[in-house]
Each structure stands twice: as C-alpha cells, then as structure tokens.
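These notes concern the structure reproduced below.
Counting begins at 1 with the first residue of the sequence.
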Amino acid sequence: MTATTPGPAPSLTSVFVRLKLSLLANGLRQSSGRTAAFVTSAVLALLVAAGQFIGFVLLRGTAHATSLVVLLVAVLALGWAFLPLFFPSGDETLDPTRLVMLPLRPGPMVSALLVASLVGIGPLFTLCLVVGAALALAHGAAGVVAAVVAVPLAVLVCVALARAVAAANIRLLTSRKGRDLAVLSGLVIAVGIQFVNFGVQRLGQAGGLSALDPAAAVVRWLPPAAALGAVDSASTGAYGTAAAQIALSGAALAALLYGWQRSLTRLMTAPDGSTLGAASEPTRRNTSTGPHRLLPGGRTGTVMQRSLRYVWRDPKTKTAWVTALVIGLIVPLFNALQGTGSIYLACFASGMLGIQMYNQFGQDTSAFWMVAQTIASPRDAFLELRGRAMALLLITLPYTMLVTVATAAVLGDWRALPEALGIALGLLGAMMATGAVASARFPYSIPQDSAYKSVAPGQGGLAWISIFGGMIASALLCSPLIALTIWLNAANAASALWVLLPLGAVYGAAVAWGGLRVAAPQTAARLPEILTAVSKG
C-alpha cells in the first residue's frame, strides 16, 4: 500500500484574496439595500475616476500640469492615510487582531494582506487616477518607462500607508475612543471642505495654476507624489532626479511595510490591556486634582466639573463643542483672510458657542433623573443652571475674546475691536439667558443609539423652537447694544466707542443673570415634564 502524499499547500496570498472576495460577496448577500448601496457607490466612484482621468489627459502638455498632478496625488495619499481611522468598519480585513489565533507569521501576512488590499473600489479608483496622472506627465520613451514603474509604486504606497496607519491604531479603532473618533469624522470632512473652498478661492485670486508651483516643488519629493514627479523629471531629461524620486518612493514603501510588519508582530504577541487583571492596577482615590481644584466649592463647582467632564468624555457633547469651536474660528478668520470679512463676524463665534447652552437637560439624557433628585426648589434650580452656564463661560469667554482679537489682527481694524468685542460679549450673555429658558421650556431628547441623530423622533419641532426661537430672542436682547453702536458710528463719536466694551460685558452679565433667574422657577416647576422629554431617546 502506497501512502498518498499531500498536495502542495495553497499560497497564503491566494487564500487572502479569496477571503477578501468572499467577504465582499457575503456582505452583498445580506440585504438588497446593501447591494444597491455598494453598486451605487461603485458606479459613482468609477464615474468620478473617469472624469478625473479625462481631466488629467486634457492637462497633458499644459504649463502647470505637474504642479496640479503631484498635489492631487498627495491629497489622495492623505485620504488613504486618515479615512480608515474615521471609517474603521468599512473594511473587515482592516482588523488584523482577527488573525492572531492563526499560525501565521507577520512577514507572509504583510505580503498577502497587501495584495488582498488591492481588491476593492478604493484601489480601483486610485489606479484610474494615478494612471491618468501619469499620462498627463509622460513624454517620450523615458517618461513612459518611468510611468510604468511609478504607477504601481504610487498605488502600493497608498495602500501600504492605509494598512500601516490602521494597524498602528487598531487598538484605538476597536475601543470607545475609536468610536468617538468616528463621530468626529463628519466634522473633519466639513472642515476639510472649508479649507478646500478657501484654497480654490485663493487660487482664483492668484490668477491660475501658477500659484501651485511653490507648494508642488516641495510635495514632488514626498512619496507617493514623488513617483509621479519622477515621470515629469524623466520626460524632461532629468534622469538623475527621476531615479532619486523613484528610489525615495521605493524606500517609503519599504519603510511602511516594515512598520506594518512590526505592528502586526506586536498585535500578535503582546497581550491586550482588556485581558489584564483589574486588581493589578493601583487603586486611585477619587479626588479632584489639577485644574478642578480651581473651581468654586459647593454645588456650583460640582455642576461645573460634571459639565466639563461631559464635554471631554461624551462623544456627542464633544462633537458639538469641537464643531462650534472650529467653525466659529474658521468663518470670521477665513473671510478676513480673503479680504471680504468684517470684525463683526467674530460674533459668529459667540453664536456658535452660545448654542451649547440650549437643551442643557437633554444633554444628560436619561441620567437627568439623578440631577432632578437634587432640585427641590427654585434656588436649587438656579444653582444648577448657574453652574452649567459658568462651565460654558469658562471656555466661551476667552475663546470669544481670542477670535475677536485674531479677526481684528488679520483685518488690521484695531479701532473697531472694543465695539465688536462688546457686542460679542453681550450676545454671549443673551444666549446664556435664552438658552436657560429654552432648556426649561423646550427640552428634547438626544438619541444615543445613533452617531448622527441629534433629536429623537417626534421632537423635531421642539428643537427648532428651542434653537431658532432662542436665537431670535437673543438678537432682540442685543438690539440696544447694536443700536447704540450704529448711533455712535453715525455720529462720528469715535472717542466714545471704547465704552461699548465694558458696557457690553456688563450688559451681557446682567442679561445672563436675569435669564437664569427667569428659568430657575420654570425648571423647578416643570421637572416631571423635562424628565419625560429628555428620556425618550
């Protein structure tokens, strides 16, 4: 009897490619909606890639094609580096911790995962864009030879960059902080759009693509844009420069693969922190340390500390605050940088931050019942609202002053700084007042099961009334300050405009105190209704 010899083991790379295809196919079989979404996204991505491809071909032979191409490839690489951090659930194979129980070595895993990573819409889109970029720059036999090397090298660098960054941060992506990061992804995209819009406007003012040349001269030496820069260098006869750029991109790919392998080794051999015994950690006393010691004592300090912890720890509260801080800074400064702004746009920062005072109890969600147990009188409600307002002012006051001063510096309009800052402080105080009243009169729930829903179903009307009604009321409360500012400017009383700064600060403080006094008895009387409204989500 002859023993049968086992056949050769299948290649690990082919196994991983089939695994990737199986994951894609099984995902599409889950529902027709998911299939439709995948097909739609694939068609849209291919249409965009085709448009980019045609645009690159039309750029062929133009004076500044190289600058535009290398910058777009650099932006593409940034997308590959950071988008996996924002959307970690988009590709199941991004999580190498699922393979730690298999008898695999990190070296072969890197090669197999790299090839498997080339399967998908993203790599196909990148390939189309890079091929179009190479066609725009390749001239002559040397340029074509460089393009044949540069295209796969640029694609591999992009894919390896995404995998290396994801592997290095996989513990973060699978933790609660990683989910917080995903919630902030919309903000990052929105801010990025603002920067792109600003760049396009500045490009138009500069008179064409020639404004890109200084930045492109630097970026063309940064992989993977350096690979496309090598195509242009080879086309113009700078063969030494082309070789150096290709070598630089190859070295970057080798470094990324090495870092990726080190991350895989660490993930497959080092214990996860969640598996370590909690008893081995030293016991920490629950005492207020650091900046918390500077807060006032009593209920006010306790409420302030709780509110600040929400800002730092709660994903939705953190997202709302970061959005307000970033957008409140971008709008006045970007308009000032474009020469079309006004120092009064700094009041936009006050408005964005003042909105955080609205729906104070809804931010607590169902945990508000614990706060409600401590409110037995209008006095208790006043202390609760005052602590929350003071926590907000701890951030919003210096921020409002910073944005106003920065806008004045960019515009060079120091004369209008006192009046603009006075109006901004008055508006901030008015929004503290109307926000306290709106929190008591129009509370609504913020769902916790979705990262993108801010209002529970059926409570949209309450949210609209609370926010927009409060904003209109705040504008009316600020009308005396605005009217005084207009009158002093019309009367050419420039020497008296400085009085608007202390007047605005005092007026804002008085209005905020009055709003808290009005909202306190309403909060105490409406506790059952508030608790019911904020607990619906």
**Request:** Please report the shortest heavy-atom distance between G328 and Y399, naming the atom on each side.
**Result:** C-OH, 3.7 Å
**Prompt:** Would you say the side chain of V159 lies within less than 4.5 Å of the side chain of T126, judging by non-hydrogen atoms?
**Reply:** no
**Item:** Partner of L118 by side chain to side chain contact (heavy atoms under 4.5 Å, CB included), out of V155, L124, V17
**Value:** V155
**Item:** Criterion side-chain contact (heavy atoms from CB on, under 4.5 Å) on F348 and V403, from CA distance to verdict
**Value:** CA-CA 10 Å; F348 188 83; V403 172; over 6 Å; no
**Request:** With rounding to the nearest 0.5 Å, note down the distance linking OG1 in T407 to CG in L402.
**Result:** 9.0 Å
**Asked** Can you name the closest pair of heavy atoms from T400 and S350 and give their distance?
**Response** CG2-OG, 3.2 Å
**Prompt:** Hey, does I395 have a side-chain heavy atom less than 4.5 Å from the side chain of L353?
**Reply:** no
**Close side-chain approach of V165 to W80, heavy-atom, < 4.5 Å** = no
**Prompt:** For the atom pair CG (L113) and CG (L19), what is the distance rounded to the nearest 0.5 Å?
**Reply:** 9.0 Å
**Reference residue F56; test side chain to side chain contact (heavy atoms under 4.5 Å, CB included); the match among L135, L72, V131, V130** = L72
**Request:** First locate atom CE of M357, then atom CD of Q363, and finally report the distance between them rounded to the nearest 0.5 Å.
**Result:** 9.5 Å
**Asked** If you measure from OG on S117 to CG on L156, what distance do you get to the nearest 0.5 Å?
**Response** 10.0 Å
**Fill in**
Between the CH2 atom in W260 and the CG atom in L161, the distance rounded to the nearest 0.5 Å is 11.0 Å
**Residue pairs, two or more places apart or on separate chains, that pass side-chain hydrogen bond (donor to acceptor under 3.5 Å, both in side chains) and touch residues 233-253** = R220-S233, S233-Q245
**Asked** Which pair of non-hydrogen atoms, one from A154 and one from L228, has the smallest distance, and what is that distance?
**Response** CB-CD2, 4.0 Å
**Asked** If you take all heavy atoms of L411 and S342, which pair is closest and at what distance?
**Response** CD1-C, 3.6 Å
**Asked** Would you say W321 and L392 make side-chain contact, with heavy atoms under 4.5 Å?
**Response** yes
**Asked** Going through the checks in order, is the side-chain contact (heavy atoms from CB on, under 4.5 Å) test met by F16 and V115?
**Response** CA-CA 8 Å; F16 273 59; V115 176; over 6 Å; no
**Message:** To check you understand the geometry: which heavy-atom pair defines the closest contact between A336 and V410, and what is its length?
**Reply:** CB-CG1, 3.6 Å
**Message:** Heavy-atom count check: over 12 atoms from other residues, nucleotides or ligands less than 6.0 Å from R262 CZ?
**Reply:** no
**Item:** Atom of V151, atom of A134 and distance for their closest heavy-atom approach
**Value:** CG2-CB, 3.6 Å
**Message:** Rounded to the nearest 0.5 Å, what separates atom CE in M431 from atom CD in Q356?
**Reply:** 9.0 Å
**Message:** What verdict does the side-chain contact (heavy atoms from CB on, under 4.5 Å) test give for V15 and R18, after you've listed the backbone C-alpha separation in whole Å, the side-chain angles of each residue and the deciding distance to 0.1 Å?
**Reply:** CA-CA 5 Å; V15 171; R18 291 199 302 270; 3.6 Å; yes
